[in-house]
Amino acid sequence: MRRVNDVDFPNHDLHHFGAQPFPGQDPVDTRSWFEIKVEQSLGLLSRVNHWVNTSALGSLFRLEGSGHPDEIKGANFSTELRAGLTTFATMAYIIAVNATNGQQASILAESGFDCHCAKPLSVSGECANEDEWALCYQEVKLDLITATAGISGFATIVFGLLTNLPIALAPGMGLNAYFTYQVVGIKGTGPINYKVALMAVFIEGWIFFALALLGLRHWLVKIIPNSIKIASGVGIGFFLTLIGLSYGSGLGAITGAISTPLAIGGCPAELLTPTGGCDTGVMTNPKLWVGVIFGGIFTAVLMAFRVKSAIVVGIIMVSILSWPRGTSLTYFPDTPEGNRRWEYFRHVVSFHPIKHTMAQQQWDLGGDTGTGHFFLALFTFLYVDIIDCTATMYSIARFCGRVRKGESDFPRSTLAYCTDAACISLGSLLGTSPVTAFIESGAGVAEGGRTGLTALATGLCFLTSLFFAPILASIPPWATGSTLVLVGCLMMRQVSLVNWKYIGDAIPAFVTMMFIPFSYSVAYGLIAGLFTYTALNSGIYIVMWASKQSILPDQYDDKEYWTVRPRGEKPWIFRVFSKERYWDMSDEEIRERELRRTGRRRERPPSADRQSQGHRDSSVQRQSEVPSSEQEKPGEGVVPGQAV
């Protein structure tokens with residue numbers, strides 16, 4: 001060994017210095033200062049990863065090298081933190097959308113909450129006391145920044161700690177629009193009061209909690225046909241792509257139209273027509289192109305060479321280019337809205353206590369409270385959120401390779417559903433719409449996130465944004481638009497796993513993946529797929545039954561098996577009325593599962609023992625969250641090629 005610049009190098013590596021040493025002399029180091037610092041930084045990062053991975057924190061999150069019997073291959077400290085930052089960067093828009101959306105007024109804040117809007121409204125929709133209402137409205141916006149960031153951070157941290165999954169939670173898009181525009185109404189002009197609507201959200205959370213504890217929510221996921229579950233992940237990829245290409249939350253490359261559902265966009269926002277289309281200036285918006293080039297192509301090139309933090313680098317580059325004023329790229333144009341954004345951005349550090357949205361539930365539902373509308377809102381929140389959130393959780397768990405093979409389930413699923421349900425009720429106490437799993441979590445998985453440490457990092461970022469919201473809420477949509485498109489591409493890989501051989505599985509799967517983006521809802525897409533599956537296969541069954549199975553559909557032998565008794569552990573409510581704990585599992589599999597459930601492992605054969613217990617290397621190939629016989633491989637055309 002030779003020592004150069006405080007770094008030890010083997011003698012056979014001396015040729016890397018560009019000069020051969022004379023006998024008895026040290027080699028000449030011809031590397032640049034930058035190369036030396038990079039090499040030293042990488043060495044330091046490797047040591048930090050090893051130290052954290054082998055610590056109690058590493059064991060808690062089952063990082064590689066932690067020594068936990070179910071440690072997750074490829075999971076290490078720095079990668080999980082980087083993935084958490086990526087997830088947050090792609091989700092930060094929810095702070096702005098719920099409270100200070102850049103292109104239009106807020107969503108949740110438009111309901112007004114306890115800001116009194118005197119009637120009658122003017123032709124343009126202004127209150128009789130518009131000046132007073134506007135002042136209150138601005139405070140509600142700031143309240144919702146605090147509420148959204150706070151509940152997102154808390155829910156994501158708790159979810160990561162309890163479930164060890166890289167999934168972030170926040171008040172859901174779509175349901176916040178339903179809450180404002182169809183339930184409460186703009187400025188409180190809807191069918192029910194905002195206090196009753198928040199009560200509906202609160203009750204929904206506890207109904208979810210009961211369903212999760214009884215195992216029914218778990219069971220509902222498992223009985224969804226496998227091809228439809230795979231298709232929901234593909235559909236979410238399309239959905240992310242559509243969001244990334246839209247104006248409100250992305251590049252602005254496409255827009256709505258009158259003669260066609262969609263049309264090419266790309267014109268500057270000031271050239272948009274009243275209907276939201278582009279008559280002139282198509283694809284001339286410089287903001288679009290800086291997002292495509294730096295946030296898309298440049299990021300994809302970095303990903304091709306497995307550069308870590310590629311997605312984060314792209315988002316930061318576009319954001320920095322978009323912050324200076326007086327340029328064609330600025331996020332703060334010289335307009336009233338741009339000036340408001342700039343004044344808020346200049347605060348840098350700011351915290352606003354909640355004044356108008358905290359604990360506003362109306363506990364007394366008697367009298368003239370619009371009971372019919374209340375139950376309609378409760379039912380809508382319930383069925384949309386249960387399908388939307390459940391499908392998203394399963395798809396992200398599958399995307400990161402954490403789904404148990406043969407059981408259509410992921411580890412700690414009951415805890416995941418209960419945590420989500422409790423956070424829904426907690427969020428309503430802060431004044432937000434239902435909290436749900438965010439599909440943008442796929443961006444963190446694409447960056448290498450595999451464990452709850454990713455969610456922990458994302459949650460800490462949200463809590464930090466309570467004080468740095470002016471900066472974090474100023475990430476422009478075109479900075480994250482290309483990222484969502486790239487993640488959509490990665491989630492598309494699992495389309496090959498759909499059973500395309502049999503038409504009874506293929507068509508419902510296609511309807512699911514197509515309807516999710518076109519209906520702009522994961523829930524409606526899944527409902528459409530399940531309806532198609534039921535109708536199509538019922539028709540096939542009737543023909544087979546009437547012909548006494550003399551007429552069979554083409555390639556019927558390739559049909560995926562489906563049953564209401566899915567393989568694996570029964571729901572708790574079913575176990576109460578039966579002796580068996582599992583469905584369709586062999587005695588050997590049941591024994592293995594019981595050993596795992598009680599925290600014990602079968603003794604390993606001597607041939608599998610380590611050569612030395614005292615020399616545990618972090619690069620040793622180990623099993624993932626569950627044994628390979630039960631674990632969805634983190635490949636199967638799903639997990640991205642990003643370096644971990």
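What's counted below: heavy atoms across the whole structure, side chains too, no hydrogens, waters or symmetry copies. Since the structure is predicted, the reported quantities are computational estimates derived from the model, not experimental observations.
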Examine distances only and state if a side-chain atom of Trp500 and a backbone atom of Val495 form a donor-acceptor pair shorter than 3.5 Å. yes
Report the relative orientation of the aromatic rings in Phe345 and Trp323; use parallel for angles under 30°, tilted for 30 to 60°, perpendicular for over 60°. tilted
Taking all non-hydrogen atoms of both residues, which atom of Thr432 and which atom of Leu198 are closest, and how far apart? O-CD2, 4.0 Å
Hey, could you give me the CD1/CG distance between Ile316 and Leu321, rounded to the nearest 0.5 Å? 12.0 Å
Answer yes or no: are there more than 12 heavy-atom neighbours, outside Phe351 itself, under 6.0 Å from its atom CZ? yes
Heavy atoms, side chains only, cut-off 4.5 Å: are Asp143 and Met358 in contact? no
Can you confirm whether Phe208 sits close enough to Asp420 that some side-chain heavy atom of one is under 4.5 Å from a side-chain heavy atom of the other? yes
For atom CZ of Phe154, is the number of surrounding heavy atoms from other residues, nucleotides or ligands below 6.0 Å larger than 12? no
Greater than 12 external heavy atoms within 6.0 Å of Leu429's CG: yes
Give the intermediate values and the outcome of side chain to side chain donor-acceptor pair (under 3.5 Å) for residues Thr512 and Ser232. CA-CA 6 Å; Thr512 302; Ser232 67; over 6 Å; no
Nearest heavy-atom neighbours spanning Ala446 and Val487: CB-CG2, 4.4 Å
Non-hydrogen atoms of Cys423 and Ala155 that approach each other most closely: SG-CB, 3.4 Å
Which atom pair, heavy atoms only, marks the closest approach of Ala149 to Leu466? CB-CD2, 3.8 Å
Where Val318 and Ser322 come nearest, the two heavy atoms and their spacing: O-OG, 2.8 Å
Do Thr392 and Phe438 come close enough that some side-chain heavy atom pair is under 4.5 Å? no
Rounded at 0.5 Å granularity, tell me how far CD1 in Ile167 sits from OG1 in Thr87. 10.0 Å
Rounded to the nearest 0.5 Å, how far does OG1 of Thr454 lie from CZ of Phe88? 15.0 Å
Just wondering, do Asp505 and Val498 contact through their side chains at under 4.5 Å, heavy atoms? no
Considering all heavy atoms, the nearest Thr357-Leu430 contact: OG1-O, 2.9 Å
Please check if the side chain of Trp289 supplies one atom and the backbone of Met283 the other of a donor-acceptor pair under 3.5 Å. yes
Is a donor on one side and an acceptor on the other found under 3.5 Å between the side chain of Ser465 and the backbone of Phe468? no
Within the supplied structure, the quantity of interest is the number of heavy atoms (other residues, nucleotides, ligands) at a distance under 6.0 Å from Tyr533 OH; does it exceed 12? yes
State, yes or no, whether a side-chain contact exists between Tyr331 and Lys287 at a heavy-atom distance under 4.5 Å. no
Should Cys267 and Val282 count as side-chain neighbours, where that means a heavy-atom distance under 4.5 Å? no
If we only count heavy atoms from C-beta on, is the Phe298 to Ile293 side-chain gap below 4.5 Å? no
Can you find a pair of side-chain heavy atoms, one from Arg341 and one from Pro333, that are under 4.5 Å apart? yes
